[in-house]
Novice: 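Here it is, the structure in full.
Proteins get letters first, then strands, A, B, ... in listed order; numbering begins at 1 in each. Just so you know, these numbers come straight off a predicted model, no measurement behind them.
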Amino acid sequence: MIDFEKKLNPRQWEACSYIEGPLLILAGAGSGKTRVITHRIAYLIEVMGVKPYNILAITFTNKAATEMKTRVLKLVEEGAEDVWVSTFHSMCVRILRRFYNKIGGQNNFTIYDADDQKAVAKEAVRDLKLDEKQYTPKGMVAAISKAKEDLLSPEDYMARELGNFRGEQIARVYKEYEKRLEKNNALDFDDLLNKTVQLFMECPEVLDLYQTRFRYIMVDEYQDTNNAQFVLVKLLAAKHRGLCVVGDDDQSIYKFRGANIGNILNFEDEYPDAEVIKLEQNYRSTGNILNAANAVIANNVGRKDKSLWTDREAGEKLKFTAYESDREEAAGVAKRIILQSKAGRQNSDMAVLYRTNAQSRAIEESLVREGIPYRLVGGTGFYDRREIRDLVGYLKSIANPADDQSLARIINVPRRGIGDSTVQKMREYADQHGMSLFDVVANIQNVGVAGRSAGKVEAFADMMKGFREEAEKGNLHLLYMDILEKTDYRNLLLEENTEEARGRVENIDELGNKIAEFEMENEDATLLSLLEEISLVADTNDDDGNEKDRVTLMTLHSAKGLEFPVVFMVGMEDQLFPSKMALESDDPDAEEEERRLCYVGITRAMDILYLSMAKQRILNGVFTYPKKSRFIDEIPKNLMETTGAKVDDGFAASVSNVADSISRGKTKARGDQGDKYYDEWGGSTFQKKKEKGSYAGDMYVSGKPKEKKTDFVLNYKVGDQVRHIKYGRGTVLGIIPEKEDYEVTVRFDSAGEKKMFASLAKLRKV
DNA sequence: GAACCCATCATTTTT
DNA sequence: TGATGGGTTC
């Protein structure tokens with residue numbers, strides 16, 4: 001039996017053992033929050049005799065969920081695998097896969113990610129004939145997502161925006177967007193939450209099922225919950241009120257994606273009988289670091305009163321350096337990393353934190369120069385890679401025939417002669433007849449809309465049907481191999497024989513490995529569960545580099561929840577951090593959120609914290625001359641020393657392991673940078689000619705130059721009546737001979753005057 | 001239909 | 001600076 005009281009401090013123990021009613025644990029940075037949650041779960045099971053089955057623990061990230069689960073399994077002797085430890089989103093998927101049909105949905109829905117969302121939004125805007133410059137996909141998705149977070153339907157939204165022209169238009173886009181998702185049998189991330197809420201509201205028996213089951217509910221990072229999540233938790237906990245939320249209002253840094261700090265600040269209003277326990281002892285940082293953090297965050301108003309303390313020694317002072325330029329800052333960081341590692345620190349003990357991803361480049365360059373291995377967190381992830389999205393598109397389309405979006409993505413990839421205009425026509429037909437795109441594709445002969453491509457479309461339909469049969473058999477890896485083979489996707493890349501293509505092939509093989517792995521780990525793996533894993537557990541860093549001991553580079557946001565003995569916070573400049581956007585915002589909380597972010601950054605450091613700025617920085621291609629961040633001024637002078645900025649000229653590099661530190665040749669996050677440096681160090685060109693590799697471009701057309709028709713004969717002349725495949729009838733106004741072609745001007749009866757090339761326009765004399 | 005050129009525009013991000 | 005998208009050119 002665990003000796004709980006011995007393993008926890010008095011406050012932690014109190015938080016662990018209070019189970020009478022709603023409980024708010026205000027857990028400061030480094031105060032042993034996860035320890036409390038896991039022990040609480042153990043306490044419920046081992047001491048209170050609660051069935052693991054009756055416990056639910058909700059986190060935000062899969063990483064947190066996995067870690068929690070592992071720790072609970074270690075702690076509890078038996079039955080811990082029956083505890084539901086899950087992210088909000090996977091929990092909702094699990095519920096919806098079972099009951100979505102109760103509110104009129106299909107349980108095999110597809111999950112749309114940000115890119116799918118943008119594509120749908122774009123179509124919606126286009127369909128409504130709105131100005132695409134003014135109503136950008138990104139903006140539309142943001143507005144829709146915001147609406148959904150507040151549980152507003154398109155109608156609600158319209159009602160709210162009545163009289164506001166732009167708002168009304170967005171409401172129309174939202175409505176159109178919803179229509180499309182529904183037609184495609186797809187849910188976006190917000191829907192996962194909202195539809196679950198809807199299900200609970202409309203089907204009391206389903207709600208009751210889960211309410212009865214989950215006697216004890218724990219929510220981690222409660223300050224990050226949005227309104228939908230708040231409602232969801234409220235519904236779930238309404239019966240037993242065994243709700244325990246853990247969070248830190250000072251670490252709320254996700255307002256921009258809907259987090260409502262009010263949820264934690266007003267917890268006691270929502271649950272008047274709630275017990276509040278503060279965890280203020282910090283086990284992570286030195287006294288100086290902690291005091292600096294406390295001093296900075298004290299400048300925020302409207303926070304829960306708390307103050308972290310530690311019984312650790314004061315430690316080294318914080319070090320602030322103002323470098324002359326961003327390059328020097330990067331060089332200075334590299335130099336200090338080297339000094340630290342000479343002093344015995346592991347690279348993996350160190351992290352460089354910055355406000356924006358764009359700042360990583362300069363740091364990366366100097367680390368490469370010095371041969372310091374690093375790990376870049378964030379940026380473009382594995383599942384964002386084009387080839388991976390394509391192949392996942394196949395899988396999605398196979399799993400959900402109604403998913404027009406995925407089908408449209410892959411129908412001509414690799415190129416198989418089903419061009420845009422054919423797809424366009426088929427989609428129009430589908431829309432008009434209430435069919436899915438695949439319905440049209442599969443019945444192309446009857447529909448007769450594909451013209452000369454009909455054969456190609458038919459072959460494609462047969463191939464897809466074959467994949468579905470293969471999918472039925474249940475072996476996912478075989479299915480994947482089958483797709484690669486029948487589509488020729490992998491081979492076409494290999495034939496291309498470029499470094500970039502080889503990187504893509506590696507990624508494709510990596511996805512194959514992941515699928516095989518997934519099958520081994522999950523006995524009852526299905527195509528749907530695989531896709532769910534891919535959508536919800538898209539791990540952005542799969543670093544399989546041989547070098548384990550690497551410095552971590554990431555944004556302040558992604559650093560939340562982590563700790564490092566040595567931390568560098570770079571770019572401590574007003575306008576950058578706090579960001580220009582925040583400073584110019586009319587929302588008074590914007591600057592406070594930046595300050596919280598600063599607090600998060602400072603509290604990542606265990607022993608040593610370096611802060612720095614550059615007096616000259618290239619931002620968006622322009623030179624700027626920043627001032628020191630106001631946050632620096634908020635750190636008491638006695639805790640921080642300002643150090644000189646002198647650095648060696650940075651080029652005393654050891655070239656030896658440069659290659660290793662940039663994850664060789666593999667196309668990854670910032671993929672082509674690898675090549676750039678390769679060449680630099682290889683002594684040839686500094687920057688390779690850009691391989692813009694648009695798909696249809698050099699990627700699939702492997703080195704076979706297109707044959708130009710040199711002796712092109714026109715069977716019409718100026719004044720003739722001709723017919724065009726798209727524009728219909730028209731009169732030829734002029735013919736200008738070009739190198740290997742003719743530019744023909746035609747006035748069409750309906751479409752007006754057009755210029756086109758004879759070789760492509762395929763005009764027929766009438 | 002696809003390569004290429006030019007204008008534009010830039011936080012933070014998980015699910 | 002760089003990525004991206006639209007328009008132009010063959």
Side-chain angles (χ1 to χ4, degrees), chain A residues 59-65 86-93 111-114 117 122 132-133 136-138 142 145 187-193 221 224 226 229 253-259 326 354-359 361-362 377-381 383 412 415 417 419-422 532 534-540 554-560 571 575-585 590 593-594 596-597 600 617-623 670 672-673 687 690 692-701 706 708-709 738-743 755-762:
Chain A
T59 63
F60 270 85
T61 66
N62 294 290
K63 208 172 140 204
S86 162
T87 63
F88 271 105
H89 295 267
S90 14
M91 173 181 83
C92 289
V93 171
I111 301 166
Y112 273 8
D113 63 20
Q117 287 183 282
K122 193 170 178 177
E132 293 177 46
K133 285 248 160 60
T136 61
K138 202 176 151 205
S145 178
L187 299 182
D188 63 28
F189 285 120
D190 297 305
D191 284 336
L192 298 177
L193 303 169
E221 305 278 17
D224 286 338
N226 65 25
Q229 288 158 338
I253 54 173
Y254 283 115
K255 184 171 186 184
F256 68 89
R257 68 178 204 222
D326 43 3
Y354 35 80
R355 179 64 239 266
T356 67
N357 278 312
Q359 290 168 260
R361 175 152 286 126
V377 177
T380 325
Y383 289 101
N412 200 29
R415 285 202 336 250
D420 281 351
S421 56
T422 307
E532 220 166 281
I534 290 173
S535 303
L536 298 179
V537 193
D539 56 352
T540 34
M554 63 185 155
T555 62
L556 288 155
H557 280 92
S558 9
K560 191 167 72 144
Q575 304 284 89
L576 183 61
F577 187 41
S579 73
K580 192 170 148 71
M581 286 242 189
L583 291 175
E584 284 169 4
S585 162
E593 176 138 326
E594 297 281 305
R596 290 192 287 269
L597 191 55
V600 166
R617 176 181 300 280
I618 298 175
L619 212 60
N620 301 335
V622 204
F623 280 102
R670 316 262 159 134
D672 41 14
Q673 276 217 332
Q687 186 157 11
K690 262 206 205 106
K692 264 253 162 144
S694 97
Y695 253 124
D698 35 44
M699 180 162 164
Y700 296 112
V701 187
K706 230 182 258 167
K708 283 261 180 177
K709 278 207 181 96
E738 299 277 329
K739 272 181 233 157
E740 294 157 329
D741 207 336
Y742 299 93
E743 191 192 69
K755 278 186 185 171
M756 55 196 60
F757 284 88
S759 64
L760 299 165
K762 290 169 236 155

Novice: In chain order, what residues pass the side chain to side chain contact (heavy atoms under 4.5 Å, CB included) check against N226(A), with sequence neighbours excluded?
Specialist: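 With sequence neighbours excluded, N226(A) shows a side chain to side chain contact (heavy atoms under 4.5 Å, CB included) to E149(A), L193(A), A228(A), Q229(A), given in chain and number order.
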Novice: Tell me, please, which residues at least two apart from F88(A) pass ring-ring contact (aromatic ring centres under 6.0 Å, His included).
Specialist: F60(A)
Novice: Calculate the interatomic distance between I111(A) atom CD1 and dT14(B) atom C1'; express it in whole Å.
Specialist: 14 Å
Novice: For R361(A) and dA3(C), what is the distance between atoms CZ and P respectively, to the nearest whole Å?
Specialist: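 Rounding to the nearest Å, CZ of R361(A) and P of dA3(C) are 6 Å apart.
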Novice: With respect to the phosphate group of dT14(B), does any side-chain polar atom (N or O) of N62(A) fall under 4.0 Å of OP1 or OP2?
Specialist: no
Novice: Rounded to whole Å, how long is the line connecting atom CZ of F189(A) with atom C1' of dT14(B)?
Specialist: 8 Å
Novice: Taking only residues two or more places apart in sequence, or in another chain, which ones meet R355(A) in a side chain to side chain donor-acceptor pair (under 3.5 Å)?
Specialist: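 Expected list: E594(A).
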Novice: Would you list the protein and nucleotides 7-11 of chain B atom pairs, both N or O, that sit under 3.5 Å from each other?
Specialist:
| unit_1 | atom_1 | unit_2 | atom_2 | d |
| --- | --- | --- | --- | --- |
| dA10(B) | N6 | N620(A) | O | 3.2 |

Novice: Categorize Y254(A) for me: base, sugar-phosphate, or nothing, with a 4.0 angstrom heavy-atom threshold over every strand shown.
Specialist: sugar-phosphate
Novice: Going by ring-ring contact (aromatic ring centres under 6.0 Å, His included), name the residues that satisfy it together with Y112(A), two or more places apart in sequence or in a different chain.
Specialist: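 By the ring-ring contact (aromatic ring centres under 6.0 Å, His included) rule, Y112(A) matches no residue at all.
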Novice: Let me know the distance between CG of D113(A) and P of dT15(B), rounded to the nearest Å.
Specialist: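 After rounding, the gap between these two atoms is 13 Å.
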Novice: Quick check: on DNA chain B, is the nucleotide nearest S90(A) upstream (toward 5') of the one nearest N412(A), or the reverse? Name the residue that is more 5'.
Specialist: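 So the residue in question is N412(A).
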Novice: What residues form a side chain to side chain donor-acceptor pair (under 3.5 Å) with E532(A), not counting sequence neighbours?
Specialist: R97(A)
Novice: Check the phosphate of dG1(B) against R415(A), side-chain N and O only, distance under 4.0 Å to OP1 or OP2. Yes or no?
Specialist: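 No, because none of the side-chain N or O atoms of R415(A) sits under 4.0 Å from OP1 or OP2 of dG1(B).
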Novice: Whether S558(A) contacts dT13(B) is assessed here as follows: a side-chain N or O lying under 4.0 Å from the phosphate OP1 or OP2. Is that the case?
Specialist: yes
Novice: What is the distance, rounded to the nearest whole Å, between atom CZ of R617(A) and atom C1' of dT1(C)?
Specialist: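 Checked: the CZ to C1' distance equals 13 Å.
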Novice: Whole Å only: how far is the CE atom of M554(A) from the P atom of dT14(B)?
Specialist: 12 Å
Novice: Let me know the distance between CG of L619(A) and P of dT1(C), rounded to the nearest Å.
Specialist: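 After rounding, the reported distance stands at 13 Å.
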Novice: Describe the nucleic acid contact of K122(A) in one word from base, sugar-phosphate, nothing, applying a heavy-atom distance below 4.0 Å.
Specialist: sugar-phosphate
Novice: What distance do H89(A) atom NE2 and D191(A) atom CG have between them, rounded to the nearest 0.5 Å?
Specialist: 11.0 Å
Novice: What is the distance, rounded to the nearest whole Å, between atom CD of Q229(A) and atom C1' of dT15(B)?
Specialist: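 Atom-to-atom, Q229(A) to dT15(B), this comes out as 9 Å.
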Novice: Using 30° and 60° as the class boundaries, would you call the ring planes of Y254(A) and H557(A) parallel, tilted or perpendicular?
Specialist: tilted
Novice: Output the single nucleotide from dT12(B), dT15(B), dG2(C) whose closest atom is nearest the side chain of T555(A).
Specialist: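 My answer, after comparing the listed nucleotides, is dT12(B).
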